[in-house]
Number of protein chains: 2
Amino acid sequence: MAALPFLLRLCLRRGMVPPVGRMTCRSAPVTAFPVRAPAATLADVASAAGVGESTVSRVLRNHGSFSEKTRKRVMEAAAQLGYVPNRIAGTLASSGSRLVGIIVPSLSNIVFPEVLSGVNQALEDEGYQAVFAVSEYKMAREEEMVASMLAWRPAALMVAGLEHTPAARALLEAGGTRIIELMDLDGEPIDIAVGFSNLEVGRVSARHLLARGYRRIAYVGHDLAADTRAAKRLEGFEGVLRDQGLALMERSTLPTLSSIEAGRAGLEQALARRPDLEAVYFSNDDMAFGGYCLCLSRGIRVPDQLALFGYNGLGIGQALPQPLSTIRTPRVEIGATAARLAARNAPAQRIDLGFELIAGATA
Amino acid sequence: MAALPFLLRLCLRRGMVPPVGRMTCRSAPVTAFPVRAPAATLADVASAAGVGESTVSRVLRNHGSFSEKTRKRVMEAAAQLGYVPNRIAGTLASSGSRLVGIIVPSLSNIVFPEVLSGVNQALEDEGYQAVFAVSEYKMAREEEMVASMLAWRPAALMVAGLEHTPAARALLEAGGTRIIELMDLDGEPIDIAVGFSNLEVGRVSARHLLARGYRRIAYVGHDLAADTRAAKRLEGFEGVLRDQGLALMERSTLPTLSSIEAGRAGLEQALARRPDLEAVYFSNDDMAFGGYCLCLSRGIRVPDQLALFGYNGLGIGQALPQPLSTIRTPRVEIGATAARLAARNAPAQRIDLGFELIAGATA
DNA sequence: CTGAAAGCGCTAACAA
DNA sequence: TTGTTAGCGCTTTCAG
């Protein structure tokens with residue numbers, strides 16, 4: 001930046017090709033490439049239209065007053081320059097971000113994408129934009145993600161569940177950002193909570209199996225330390241058994257994320273130890289589907305020889321000739337409700353969207 | 001803002017509770033709520049630590065030089081104030097965003113969440129943050145999303161496929177932002193493209209069915225106008241048939257998104273018209289799974305009576321006692337590769353990550 | 001109805 | 001090693 005910095009800036013600014021169309025990048029091979037014009041700014045539009053910046057701003061946001069003539073001139077200039085407003089600048093200036101952060105535990109089964117889908121739809125209607133991160137069911141990672149999302153000063157931040165590390169909790173409670181906890185109601189919400197009771201899901205599941213006469217019951221699940229909601233379901237489930245003077249005959253949990261394969265393997269293990277099982281409660285539908293596949297391969301008759309019960313109410317379970325007995329959760333609706341509350345800056349509250357028992361044909 | 005605006009601002013700024021803990025909001029009921037301190041700023045940290053702003057900035061980003069003593073003082077002050085840097089401001093100032101935009105067609109089957117997952121993982125390693133939007137397989141919506149994502153001045157923008165509206169294309173080609181097109185290589189990429197050839201997928205699928213001796217073949221698919229990649233697969237598929245002097249016996253496409261239910265319904269319709277079918281090529285695994293379920297319910301033996309072939313290689317298809325014959329696509333890897341190229345500002349290129357035929361047991 | 005000017009919170013020269 | 005000083009591009013008073 002010695003001799004012609006000003007000229008260079010001017011060129012770049014105006015979209016002209018400066019004298020040197022070749023630039024060097026340290027630590028990368030020298031590459032020739034077309035120098036592109038930087039994006040047009042409000043000021044560019046203003047001077048092109050021959051009006052002040054604030055006028056352009058008002059016109060573009062259709063906020064405040066201006067004459068029709070001015071409006072047309074501004075719109076034309078903007079179109080002509082291919083102007084795309086810079087929301088980073090806009091957000092900074094108006095100190096009210098239109099971003100909503102969402103931290104989901106996982107994207108590898110369809111459950112959270114469905115929640116995201118609901119969030120995203122509703123958010124769009126309200127003029128917000130979703131930013132997301134994945135915690136991989138690790139609280140420590142969630143903590144990092146919380147801090148990094150907060151750095152975008154989102155209008156609201158959504159997280160799954162009510163359990164967080166102390167540090168994450170402190171950040172979330174610091175105020176300034178609406179916090180929405182999703183998919184769980186068993187505990188103390190920080191601000192807004194939208195979901196249902198996982199404890200109750202477990203209880204309803206147990207009552208269903210008991211009502212059908214099953215007594216020799218096993219649990220096949222995935223890593224419970226990471227998935228606290230699955231742990232709560234199991235807790236509710238075992239509570240009901242206990243009340244009836246019963247207990248799980250077998251508990252086969254794999255130290256992995258839930259998956260079809262894990263369900264298959266878990267059931268295999270449970271049956272090896274307890275060939276006389278009557279019913280199995282799975283941590284979710286993916287797991288249950290894996291179990292169902294095992295039964296298919298082994299020719300185990302479902303539910304006569306072995307009853308299977310899942311959780312989530314995924315489409316996959318309901319398409320089978322024998323629909324899976326399970327609990328349907330309102331995932332899209334939870335996302336959409338959360339998004340609406342966030343956008344409308346609702347007061348702190350708990351919203352119970354409930355769940356539905358699908359009797360199905362496997363238990 | 002008449003009498004004590006300054007005092008109020010000061011209070012807010014300093015986190016004190018101002019005289020009036022109750023504020024009114026036009027167009028909303030008057031609500032009492034605690035006035036919360038606005039987030040601490042760099043300047044707050046600087047004055048708390050007794051150093052200049054730039055020093056704090058350097059320490060916090062660990063960039064530039066500073067003494068160990070200063071570092072400690074700054075870190076303490078920051079921790080004490082619960083300082084979370086404002087990336088909106090940071091981005092604006094450094095004019096280099098750490099955001100990467102991703103526009104996916106849908107979140108309602110697992111395919112794009114898997115791509116997102118790959119993107120997100122790799123992005124994080126490189127210190128970027130993903131922002132996403134869903135186009136619902138509508139080009140017009142994609143156009144809107146492109147404009148609105150560009151407003152965040154992302155470092156890169158990822159979109160699915162090579163087909164866009166003229167306006168969207170113009171925005172994408174405007175330069176200034178790295179564009180990465182995912183999941184398709186049949187056409188002219190704008191900048192970087194990462195994926196595989198859908199035409200070739202169709203061809204390989206057709207050759208497989210022909211090699212197995214199937215001749216009376218139907219196609220069961222979803223809305224092809226919206227899903228151009230599915231259309232390309234079908235095009236490749238039919239091309240191979242044509243080369244052999246053959247043609248599809250039946251073509252049953254539903255005007256909906258792909259789903260298990262649509263696959264079932266589509267196959268039902270195809271069989272109603274052509275009971276003598278030997279094999280069915282589905283637009284994807286969800287559809288094929290629906291077809292498989294229909295066969296199970298009707299007692300149609302697969303593949304002897306009817307062969308089924310899908311696309312995607314989802315876990316669900318492989319868990320069945322009879323693994324689905326299909327094509328596995330490297331979805332997570334595509335996302336991760338795209339993210340890495342974006343983060344490292346790679347030159348324009350096409351990357352073919354290929355796909356894999358899973359012979360399976362249904363065709 | 002319109003424009004000038006003061007920030008929003010931070011980064012990046014540039015001096016000191 | 002540090003602090004001072006311009007902005008980044010926009011929104012928002014506040015005069016005209």
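To find a chain, count down the sequence lines: A is the first, B the second, and so on, and within it residues start at 1.
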### Message
Could you check whether any side-chain heavy atom of F132(A) comes within less than 4.5 Å of a side-chain heavy atom of L116(B), counting everything from C-beta outward?
### Response
yes

### Message
I want to check something: taking the side chain as every heavy atom from C-beta on, are F112(A) and V134(A) in contact at a cut-off of under 4.5 Å?
### Response
no

[N] [atom2] sits how many Å from [X] [atom1], rounded?
X	N	atom1	atom2	answer
L99(B)	dC8(D)	CG	C1'	15 Å
W152(B)	dG9(D)	CH2	C1'	13 Å
L60(B)	dA12(C)	CG	P	14 Å
R61(A)	dT13(D)	CZ	C1'	12 Å
L42(B)	dC8(C)	CG	P	13 Å
R153(A)	dG9(C)	CZ	P	9 Å
Y83(A)	dC10(D)	OH	C1'	7 Å
H63(A)	dC1(C)	NE2	P	14 Å

Nearest-neighbour nucleotide for the [X] side chain, [options] considered:
X	options	value
N86(A)	dC10(D), dG3(D), dA12(C)	dC10(D)
V51(A)	dC10(D), dG3(C), dC10(C)	dG3(C)
S65(A)	dC1(C), dT12(D), dC10(D)	dC1(C)
S57(A)	dT12(D), dG3(C), dT11(C)	dT12(D)
L92(B)	dT2(C), dG9(C), dA12(C)	dG9(C)
S54(B)	dA13(C), dT11(D), dT2(C)	dA13(C)

### Task
Using modelled atom types only, decide if a donor and an acceptor are shared between the side chain of S97(A) and the backbone of R153(A) within a distance under 3.5 Å.
yes

### Message
I want to confirm an ordering. Mapping T91(B) and E53(B) to their closest nucleotides on DNA chain D, which one lands closer to the 5' end?
### Response
E53(B)

#### Entry: Salt bridge R141(B)-E144(B), side-chain N to carboxylate O under 4.0 Å
no

Any base atoms under 4.0 Å from [X], or only sugar-phosphate, or nothing? Heavy atoms, all strands.
X	answer
T70(A)	sugar-phosphate
R58(B)	base
S67(B)	sugar-phosphate

#### Entry: Atom pair CG (L60(B)) and CE (M75(B)), whose distance is rounded to the nearest 0.5 Å
6.0 Å

